[in-house]
Every structure is written in C-alpha cells, then in structure tokens.
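Convention: sequence-line order gives letters A, B, ...; per-chain numbering from 1.
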Amino acid sequence: MEQKYSPKSIETKWQKYWDDSRVFEVREDPDKEKYYLLEMFPYPSGRIHMGHVRNYTIGDVVARFMRMRGYNVLHPMGWDAFGMPAENAAIKAGTHPARWTFDNIDYMRNQLKQLGFSYDWSREIATCTPQYYRWEQLFFLKMYEKGLAYRKSSYVNWCSTCGTVLANEQVENGVCWRCDTPVVQKEMEQWFFRITHYVDELLENTLKLPGWPERVLTMQQNWIGRSTGSRVCFPLETGEGNIQVFTTRADTLFGATFLSLAAEHPLVPDLCRGKPGEAAVLDFIQKAKQSKRNEREADLLEKEGVFTGGYCINPVTGKKMPVYVANFVLMAYGTGAVMAVPAHDQRDFEFAKKYDLPIDVVIKPAGAQHPPRASELAGADEEYGILVDSAEFTGMDSETARVAITEALAKKGLAELTVQHRLRDWGISRQRYWGAPIPMVYCEKCGVVPVPEKDLPVELPLDVELLENGGSPLPVHKPFYSTRCPQCGAEARRETDTMDTFVESSWYFARYSCPDFDKGPLARQKVKYWMPVDQYIGGIEHAVLHLLYSRFFVKVLRDLGYLEVDEPFQNLLTQGMVIKDGFKMSKSKGNVVDPDVMIKTYGADTVRLFCLFAAPPEKDLDWSDQGVEGSFRFLSRLWRLVWENIDTLKNAPSFDGDDLSSDLAALRRKTHQTIKKVTEDIRERFHFNTAIAAVMELVNLTYQVLENRGDHPMFLAVVREAVEAVVVALSPMAPHICEELWQAMGHEKILLDTPWPTWDEGALKAEEILIVVQVNGKLRSRLSVPADATDAQIEQISLSDPRVGEFMGGKQPRKVVVVPKKLINIVV
RNA sequence: GCCUGGGUGGUGGAAUAGGUAGACACAAGGGACUUAAAAUCCCUUGGGGCUUGCCCCCGUGCGGGUUCGAUUCCCGCCCCAGGCACCA
C-alpha cells in the first residue's frame with residue numbers, strides 16, 4: 001500500500017479489473033429479484049459534461065448499492081445517436097455524420113469508463129445502427145396498419161434554422177427547443193402518431209405512478225389538458241348548416257350573444273361571400289394567419305375581429321347572433337369556434353365592448369339578491385352562480401344547469417356532453433438526413449404504400465453528399481429515393497423524411513433487455529423478466545417530451561403484443577442542473593467545468609463524491625472548486641486512516657461481544673448508526689449528501705478514539721469494525737478507493753461481491769441517554785439518564801435539577817409532557 | 001392568470017413521524033508543527049447582551065393562529081424558480 005493517496009493508479013487498476021472480469025454483465029436469473037436501473041442515455045455530442053457526470057454518478061450509486069444488497073441489477077448504457085448536431089458538425093468539419101457520431105461515442109465511452117460506472121457494456125446500443133432502427137420501422141408499419149400512424153396535411157411548426165418541422169412538445173414559448181428560432185406555421189403533409197388515442201390512459205395512469213415526482217405528473221396533466229364540456233350546434237340563419245362550438249359553460253348559453261371563429265375556420269369564406277365586408281374579412285384572415293405561434297405576448301395582443309356578415313340562431317333563445325372572426329380563437333383547439341358570452345367571459349366582454357355587441361347577464365353570484373346590470377359591469381363575472389333570465393333553467397346552479405341545458409338540447413340533436421384535450425397528435429416527420437427513414441413509398445398509381453416487412457430495414461444511405469445549405473440530401477439522392485412500388489412494381493419514390501429522434505428514445509429501455517436479438521424487436525421472455533424499469537434517472541427537461549412519448553410508445557407496443565407492461569418507468573428521479581457562479585454551465589457564459597480535467601486532477605472518486613455531497617439529487621448543484629478540493633481532502637484523510645493503522649487493522653481480532661469501555665461503546669454505536677443511516681438514506685430517499693456526512697462523522701470519531709488509545713482488549717476489533725464500515729458504506733459512491741482499501745486490509749473477496757452490511761440493533765442502544773429538559777417550552781437543561789429510566793423517573797430527575805428549579809421559580813408544575821427517551825417539558 | 005416546487009448562518013446544505021435549529025462540508029480568523037512553505041492537526045465562527053456562565057435575549061421570507069412545544073401543521077401575504085397560458 002502506498003503512503004500517499006494517488007487516485008490515478010488505483011482507478012486504472014480497478015477499472016481494468018471490472019472490465020476484464022465482466023462483473024457487471026448480467027443475465028436473467030429467476031431465483032434472484034431483478035432491479036432495472038436506468039439513466040437517460042446521452043446524445044453523443046462530443047464529450048460528456050458535468051450534468052452527465054452527476055446523472056450517471058447518482059445512478060451508479062444506486063446500482064452498486066442494490067447489487068450489494070443481492071439484487072440482479074441491470075444497468076445498461078447506450079447512445080441516442082441520431083440527430084441534427086451530427087449533420088451540422090459534419091458540414092462544418094467536412095466529415096460524415098456517421099463518422100462524427102461513432103468517433104464521439106468512442107471518446108465518450110472512454111470517459112464513462114474513467115468514471116468507474118458499473119455498466120453492462122455488452123448491452124451497449126447506438127440508435128443510428130440499422131440493427132436498432134429496423135425495429136422502429138417495423139413498429140411504424142404495424143402502427144400504420146392499426147391507424148396509429150397516419151398522414152395528413154395540416155399547419156405544422158416550422159423551424160427555419162433546423163430546416164424541419166417540430167412537434168408541439170418541441171416548441172417552447174413559441175421558439176424551437178433546440179435553437180431558439182421563432183417557430184412559424186406552415187401547411188404541410190406530415191406523418192403523425194396518434195398519441196391522442198391513448199389520451200385517457202395517459203392521463204389516468206398519472207394517478208398510478210406514485211414513484212414519480214408530483215411536478216412531472218402535473219406537467220403532463222397540464223400538457224394533456226383535459227376539459228369537460230359540451231358541443232353545441234348553432235344553426236345558421238339561412239337555415240342551411242350550422243356552426244359547432246365547444247364550451248365548458250353551457251350554463252351561460254342564454255347569455256351567448258354572438259359567435260367568434262378562428263381565421264382558419266372553413267366556414268368563414270362561405271359566410272362572407274358576396275357580403276359588403278368580404279374584402280375586409282379576407283384581409284383580416286391574412287393578417288391573423290401570419291401572427292400565430294410566435295406571438296409570445298398573446299396576453300398583450302389586443303382582441304380584434306371582423307364581422308363576417310353571417311348570422312346564427314341561439315338554439316335556446318332563438319335570437320340572431322352575428323358571427324365574427326376573432327384573432328384570439330384558435331383553430332387547433334375544440335372546433336375553432338366559440339360562443340361568446342360577454343357577461344361571463346372576460347375575452348368576450350372586451351370584444352363586445354370594442355365592437356358594441358349586446359351583453360346579457362344570465363348568472364348571479366350564489367348569495368346575491370339580484371344580478372348586476374349589464375350596463376354597469378366593469379368586467380365579466382366568470383364565477384359559477386345561480387341562473388337568471390334563462391327560461392325554465394332560471395334558479396338552477398351553474399353546475400346542474402351546464403348538464404341540464406346540454407341534455408335538453410341533445411333531445412333535438414343540437415348538443416352533447418364531450419371532453420376536449422389540449423394534447424395533439426405527435427408529428428414525427430423530419431426533413432432531415434441523420435435519422436431513421438420512414439418505411440413508406442409513394443406510387444403514382446397505388447398512392448401511399450408501406451414497405452413490406454421482409455424488405456426492412458430501409459437503410460439510411462451513407463454514401464451521400466451533405467448539402468451546404470443544411471437541407472437533407474435524401475430527396476436528391478437517387479439511389480435512395482428511386483424505388484419500385486411494392487404493390488404494382490412501377491417506378492416509385494421513397495418517403496425521404498426521417499423520424500423524429502424522440503422515437504428512438506421511446507423504446508430503447510426495452511431493447512436493452514435483448515440488444516442483440518435479431519428475430520424481432522424484443523425477446524419476449526427477456527423483456528418480461530426485466531421490464532419495467534424500476535428506477536429511471538434523468539433531467540427534468542424531459543418532463544413532457546421523452547417521458548410522455550415513452551409512456552405512449554409502451555402502450556402501443558403493449559397493444560401490438562411486444563410488451564406486457566402498461567408503464568415504462570416505475571420510479572422516476574429528476575435530478576437538478578449543475579450550475580456554477582449562479583448560471584447553468586454553458587460555453588457562452590464561460591463557466592464550463594471539464595470532467596476530464598477534474599478526473600485528471602483529483603480522480604474519479606473525488607468528482608463522484610463531490611457531485612453527491614454538494615446537494616441532494618433533485619436540487620440544482622452549485623459547482624465549487626473548493627468543494628471538490630474538500631472531497632479530495634476527505635478521501636485522502638480516509639486513506640491515511642487506513643495507511644497509518646494498516647498492520648494493526650489487518651491483524652485485529654473480530655469483535656466478540658465483550659463489555660466495552662464507554663468510548664469504545666460509543667464508537668461501536670456510531671458505527672452501527674452510520675450503517676443504518678447510510679442504508680436508509682440511499683434506499684428511501686437517495687439523499688447521498690447526508691449519507692456521506694454520516695460517514696464523515698464516523699471517520700472523525702474513529703480518529704478521536706485512536707488518539708486516546710486505551711488498553712482494552714477489544715480496542716482494535718472495534719476500530720476495525722468502524723473502518724470497515726466506512727469503506728463499505730462509501731463504496732457505492734467512491735468505488736475505486738474503497739476496493740483498494742478493502743483489499744489492503746486483507747480481504748480476499750472484492751468489496752463489490754460483499755453483501756451490504758446490516759446493523760446490530762443491540763449496538764445502537766446506549767446505557768445512558770440524553771434528555772432535553774424544557775421549562776415552558778424553552779430549553780433549560782440537558783440530563784443524562786439511564787436508558788431504561790421510566791417517564792416518572794425522568795420527571796423526578798428533571799424536577800430535582802437545580803437549573804430547572806431556578807426557572808420554575810418555586811411554582812408547582814401545571815403540566816408535564818414527556819417524549820420517551822428524548823425530551824421533557826415542564827409547564828408552570 | 002392558473003398549477004407545481006422553494007425561501008434556514010458569509011456559502012453549499014442538515015434537522016426522515018410537531019420535540020436540542022444550523023449536522024457535515026466550504027470559506028474566513030487564530031494557533032501548533034516547520035528555518036520557511038505546502039501538507040497535516042487543534043481552536044473560534046447566526047445576531048445581540050452582560051454579571052464571561054457549559055449564562056440570558058433574539059433568530060428558519062413577513063403577519064396571524066393551533067399546540068406544553070412550530071423550520072415542520074392551518075389561514076392571509078411577499079419574494080424566487082419551473083411548467084401551462086387568448087384552451088373557449
């Protein structure tokens with residue numbers, strides 16, 4: 001054993017050992033309980049960053065801990081290897097995206113190995129290989145057969161910088177999630193996955209995921225945005241046709257005085273045709289269409305509209321209602337048409353004021369005698385209340401009336417109760433090269449034809465010239481797009497769009513159970529053994545992207561018969577960001593800390609320890625160079641503790657249950673308390689910071705006891721027990737140094753294969769315990785009493801304490817509260 | 001506007017079932033060892049007070065409340081972060 005702690009050599013030594021002996025490779029074992037631990041796999045962008053280090057360190061601690069506790073732990077790693085940065089980098093550097101990607105993977109794999117993570121590398125996946133994406137193409141075909149993948153023309157989000165469309169989830173505040181370019185609307189033919197088919201299950205199951213953070217579930221619930229209401233028909237004045245409206249407030253129907261349509265509503269051209277204002281209407285539509293998504297301050301945008309010239313009939317009052325086009329009505333939600341109730345909807349109120357439209361009050365507050373006068377309203381009253389001026393519904397409360405009015409109209413076929421969702425189908429077409437080809441063919445005669453299963457995979461051609469302008473080369477790469485129609489054999493053209501890369505990450509976790517299986521996407525027995533993922537760990541930024549898509553995909557795969565689980569991830573841990581000097585690490589801020597430099601300077605164990613110690617996992621981690629220094633100092637101190645006592649530790653006897661002196665009993669108690677605390681902190685809360693703090697306390701106490709070395713025969717046994725507890729308890733966090741110390745102390749079996757220690761309840765008990773004495777709720781004294789003292793005895797001892805007497809001021813206790821073995825409060 | 005979190009020393013953070021607020025660490029200051037430095041070790045470190053005591057008072061965003069006792073529970077505010085947002 002070296003005197004000085006030098007991480008470099010011991011880390012290489014153990015990493016080589018783990019690699020050579022393939023200790024982390026696992027297979028299905030029906031006799032062992034499985035534990036599938038997964039961290040979100042990285043995009044191979046070049047090098048790993050501190051966020052990855054933190055994410056994977058957290059996962060590694062759990063994996064190693066569970067392994068030592070006897071579980072059959074699956075802990076795989078791979079690469080989310082399709083994506084735009086590869087194309088951009090390749091154009092810039094004059095290389096090929098594949099080359100760039102695989103080079104990065106090699107570099108990053110090496111970085112991960114240097115951090116000592118316990119991955120089963122035999123299961124490594126790269127999603128850009130045909131062995132992986134061919135199955136995704138198969139899923140696409142099966143989904144197409146079931147109508148879960150379909151093609152339609154619609155307005156889609158277009159990012160001009162990325163040169164491709166984006167799903168709704170990938171637009172954040174009107175800008176592209178990747179490059180912050182304002183997103184515009186473009187009408188295009190696109191492939192969609194019918195995620196809305198699973199909307200109810202996706203929503204309901206959020207209640208069946210107790211192992212997920214509340215806020216992630218709320219975000220998904222918000223995103224799905226279920227609202228219950230009614231669909232109501234407003235017949236056109238002409239007697240031909242009607243306008244359908246979705247409303248959550250059918251109780252206010254008697255107050256509906258006009259209708260507002262979205263600019264894109266298909267009836268608008270008909271309504272204004274030949275009317276005096278036609279030109280003005282068409283002009284308004286043009287302007288409205290241009291300013292959608294990227295209007296960030298939607299709130300500030302003034303409500304504007306124009307009269308179409310057409311009228312509807314209110315189905316309950318029979319009154320004529322003018323039909324307007326309004327800039328705040330969205331075609332994408334509901335039916336693209338809104339019944340306007342200015343007295344009870346703020347937007348309609350503002351609109352009515354502006355264009356001088358009638359305002360009819362039909363709801364009064366629950367306690368009020370009379371409803372307010374319409375002319376005196378300063379704003380809409382959107383609260384539920386009691387109906388007024390609503391024919392036979394007058395006097396009903398809003399909630400009852402909402403249903404009653406809908407049902408009354410339903411008898412005439414003019415309304416029904418319905419549910420609306422904010423969630424839209426997932427647009428997966430991307431006009432990019434570096435992605436999985438969509439296995440479809442366009443034939444002049446046969447139309448859209450799926451590629452037969454036997455012809456899969458549709459391989460992404462690697463011999464392409466990338467285009468300077470960044471566009472996809474596939475539409476101009478004849479060997480790829482030129483094909484024969486699978487149906488009629490005529491010349492045909494392949495789909496040249498590729499799939500959203502979120503499709504790959506929606507099922508990779510299942511593929512890890514059988515990465516090399518080539519008879520199908522998933523080997524039934526293996527998937528059944530390993531799925532679902534027991535613990536998933538990753539960043540919060542995927543709350544409604546990857547995590548929602550994966551939940552959807554698992555349901556699809558289940559219904560296609562490939563999987564038997566309903567949900568992919570039993571438990572989810574979302575770790576915070578790594579920040580420095582108050583900002584997220586980024587090149588532009590110049591506050592990036594390079595993991596390679598840190599590992600080189602301090603070793604992987606120090607870097608890992610710091611990531612775990614500086615904050616609990618769900619909080620942001622403030623990177624501090626001095627903090628890292630501190631972690632290194634602690635590991636050096638631990639090294640010294642063993643080195644300075646190596647011979648005595650090696651030859652120390654085992655503890656045989658003798659009576660101990662008080663300081664030895666205290667050390668032994670601390671040892672077992674620490675084992676208990678570390679076990680519970682990891683198992684129940686993933687609070688590694690407090691677990692490490694507990695180990696530090698044990699190290700400090702061990703040093704103290706060694707300082708005042710007595711001549712008790714069990715001295716060395718107790719010290720040895722303490723040091724071993726430190727090394728074992730710390731080993732999931734700092735595995736290299738702990739293996740090394742374990743070996744140095746004379747153990748033949750490696751620490752990793754040593755069962756996680758249990759604590760001795762007997763050792764936790766002290767003979768004397770500290771009782772806190774309060775008088776009138778204020779701390780006045782601390783007393784040491786025998787551990788078996790009864791409440792009455794504690795009370796008696798406390799009352800006889802001179803300090804207590806002083807604060808009682810000679811008065812008699814009015815009440816005495818005793819918390820057993822902890823505290824007594826004397827009230828006078 | 002709505003929905004989640006969160007606000008504790010100079011800093012990161014502890015306090016897990018209402019029971020000693022500030023564990024553990026960083027930083028700072030003082031000291032020991034050394035010719036000197038590094039490393040290491042020891043002491044002090046929320047604020048205030050004096051009678052310097054293992055003392056007293058105050059203190060967990062603010063104001064109330066419940067309780068023998070509140071960082072923890074309840075009510076009303078303020079501030080910060082994240083999500084959703086003209087969603088009918």
Side-chain angles (χ1 to χ4, degrees), chain A residues 4 172-173 213-223 225-227 229-230 245-249 252 260 262 295-303 326-330 332-341 345-348 350-351 382 420-422 540-541 543-544 576-577 610 613-616 618-631 633-634 636-637 640 677 680-681 684-685 687 689-697 699-700 703 707 770-782 803 807 813-820 822-828:
Chain A
K4 195 166 165 281
E172 291 170 351
N173 289 323
E214 194 59 40
R215 59 181 180 142
V216 175
L217 296 174
T218 335
M219 279 189 224
Q220 294 208 353
Q221 286 156 2
N222 283 345
W223 190 261
R226 179 189 163 95
S227 75
S230 318
V245 148
F246 174 76
T247 177
T248 54
R249 293 297 302 272
T252 63
S260 308
E295 285 297 349
R296 292 192 53 182
E297 290 85 10
D299 260 359
L300 305 175
L301 199 72
E302 200 181 338
K303 312 228 169 334
N327 64 348
F328 61 87
V329 181
L330 307 172
Y333 186 79
T335 59
V338 185
M339 71 176 209
V341 185
D345 182 288
Q346 187 58 29
R347 290 161 307 179
D348 298 340
E350 287 168 32
F351 197 86
E382 301 188 338
Q420 276 293 325
H421 295 100
R422 216 187 71 96
I540 184 82
E541 65 273 16
V544 282
M577 289 187 304
F610 176 73
F613 181 63
E618 65 277 9
K619 283 187 84 166
D620 284 351
L621 183 149
D622 221 329
W623 192 267
S624 142
D625 293 332
Q626 282 116 342
V628 182
E629 199 84 43
S631 292
R633 260 200 308 264
F634 169 71
S636 305
R637 189 168 144 82
R640 226 177 306 121
K677 177 149 180 68
E680 289 174 351
D681 279 352
E684 271 140 49
R685 328 189 287 164
H687 277 205
N689 56 334
T690 50
I692 294 167
V695 173
M696 287 172 167
E697 285 185 57
V699 169
N700 292 345
Y703 266 107
E707 196 82 352
L770 189 74
I771 295 290
V772 171
V773 187
Q774 297 182 336
V775 178
N776 288 336
K778 285 197 171 171
L779 172 75
R780 292 307 180 193
S781 184
R782 295 181 178 90
R803 277 188 49 81
F807 280 96
R814 198 154 57 91
K815 186 173 179 182
V816 177
V817 183
V818 180
V819 180
K822 244 186 190 162
L823 175 144
I824 175 167
N825 187 10
I826 300 159
V827 188
V828 296

Is it the case that more than 12 heavy atoms not belonging to A/E707 sit under 6.0 Å from its CD atom? no
If you measure from the P atom in B/A28 to the same atom in B/G5, how many Å do you get, rounded? 38 Å
Each nucleotide N or O in nucleotides 25-29 of chain B that has a protein N or O under 3.5 Å away: list the pair and distance.
residue : atom : partner : partner atom : Å
B/A25   : OP1  : A/N700  : ND2          : 3.3
B/C26   : OP1  : A/R633  : NE           : 3.4
B/C26   : OP1  : A/R633  : NH2          : 2.7
B/A27   : OP2  : A/R633  : NH2          : 3.4

B/C57 C1' sits how many Å from A/L779 CG, rounded? 14 Å
Which nucleotide, B/U20, B/A88, B/C86, lies nearest any side-chain atom of A/L770? B/U20
Pick the C1' atom in B/U71 and in B/U16, then give their distance to the nearest Å. 14 Å
What protein N or O atoms touch nucleotides 66-69 of chain B N or O atoms at under 3.5 angstrom, if any, and at what distances?
residue : atom : partner : partner atom : Å
B/C68   : OP1  : A/K815  : NZ           : 3.1
B/C68   : O2'  : A/N825  : ND2          : 3.2
B/C68   : O2   : A/N825  : ND2          : 2.3

Among residues at least two apart in sequence or on other chains, which ones pass salt bridge (charged side-chain N to carboxylate O under 4.0 Å, His left out) with A/R780? none
ring-ring contact (aromatic ring centres under 6.0 Å, His included) with A/F610: which residues, sequence neighbours excluded? A/W623
For A/Q220 and A/A543, the nearest pair of non-hydrogen atoms, with its separation, is NE2-O, 2.8 Å
Nearest-angstrom distance from the residue atom CD of A/E541 to C1' of B/A81: 15 Å
Where the side chain of A/R347 is concerned, which of B/C58, B/G19, B/C87 is the nearest nucleotide? B/C87
Would you write out the dot-bracket form of RNA chain B, 5' to 3', with Watson-Crick and G-U pairs under 3.5 Å, [ ] for crossing pairs, | for pairs to other strands and . for unpaired bases? (((((((..(((......[....))).(((((.......))))).(((((..).))))..(((((..]....))))))))))))....
Apply salt bridge (charged side-chain N to carboxylate O under 4.0 Å, His left out) to A/E214 and list each qualifying residue two or more places apart in sequence or on a separate chain. none
Expressed as a whole number of Å, how far does the C1' atom of B/A37 sit from that of B/C43? 22 Å
Shortest non-hydrogen contact from A/V341 toward A/D348: N-OD2, 2.9 Å
Take the protein atom NE2 of A/H421 and the nucleotide atom C1' of B/A88, then report the distance between them rounded to whole Å. 16 Å
Establish, with yes or no, whether the OP1 or OP2 oxygen of B/A85 is under 4.0 angstrom from a side-chain nitrogen or oxygen of A/N222. no
Side-chain contact, heavy-atom cut-off 4.5 Å: A/M696 with A/F613? yes
Answer with base, sugar-phosphate or nothing: what part of the nucleic acid does A/D681 contact at a heavy-atom distance below 4.0 Å? base
Starting at the 5' end of nucleotides 45-55 of chain B, put B wherever the base has a protein heavy atom under 4.0 Å, S where only the sugar-phosphate does, and a dash everywhere else. ----------S
For a 4.5 angstrom cut-off between non-hydrogen side-chain atoms, does A/F246 reach A/S227? yes
For A/A337, enumerate each residue passing the side-chain contact (heavy atoms from CB on, under 4.5 Å) test, keeping only those at least two apart in sequence or located in another chain. A/I243, A/V245, A/L261, A/H265, A/T335
From B/A88, B/C84, B/A14, nucleotide with atom closest to A/N689 side chain: B/A14
Proximal nucleotide (of B/G12, B/U20, B/U40) relative to the A/V772 side chain: B/U20
Test A/R637 against A/N700 for side-chain hydrogen bond (donor to acceptor under 3.5 Å, both in side chains), laying out the working first. CA-CA 10 Å; A/R637 189 168 144 82; A/N700 292 345; 2.6 Å; yes
If we take the C1' atom in both B/G7 and B/U52, what is their distance in whole Å? 36 Å
Checking A/F328 now: which residues fulfil ring-ring contact (aromatic ring centres under 6.0 Å, His included) with it, not counting sequence neighbours? A/F351
Using a cut-off of 4.0 Å on non-hydrogen atoms, how would the nucleic acid contact of A/P213 be classed: base, sugar-phosphate, or nothing? nothing
Taking only side-chain nitrogens and oxygens of A/S227, does any of them come within less than 4.0 Å of OP1 or OP2 of B/A88? yes
Within less than 4.0 Å of OP1 or OP2 of B/G83, is there a side-chain N or O belonging to A/R422? no
P spacing across the pair B/G47 / B/A81, given as an integer number of angstrom: 29 Å
Residues at least two apart in sequence or cross-chain that pass salt bridge (charged side-chain N to carboxylate O under 4.0 Å, His left out) with A/R215, listed by chain then number, are none
Are A/K778 and B/C58 close enough that a side-chain N or O sits under 4.0 Å from OP1 or OP2? yes
Can you find a heavy atom in the side chain of A/R803 that is under 4.5 Å from one in the side chain of A/V773? no
Counting side-chain heavy atoms from CB outward, which of B/C84, B/C86, B/C3 is closest to A/T218? B/C3
According to side-chain contact (heavy atoms from CB on, under 4.5 Å), who are the partners of A/T690, at least two apart in sequence or on a separate chain? A/K677, A/D681, A/R685, A/H687
Salt bridge (charged side-chain N to carboxylate O under 4.0 Å, His left out) against A/R422, all qualifying residues, sequence neighbours excluded: none
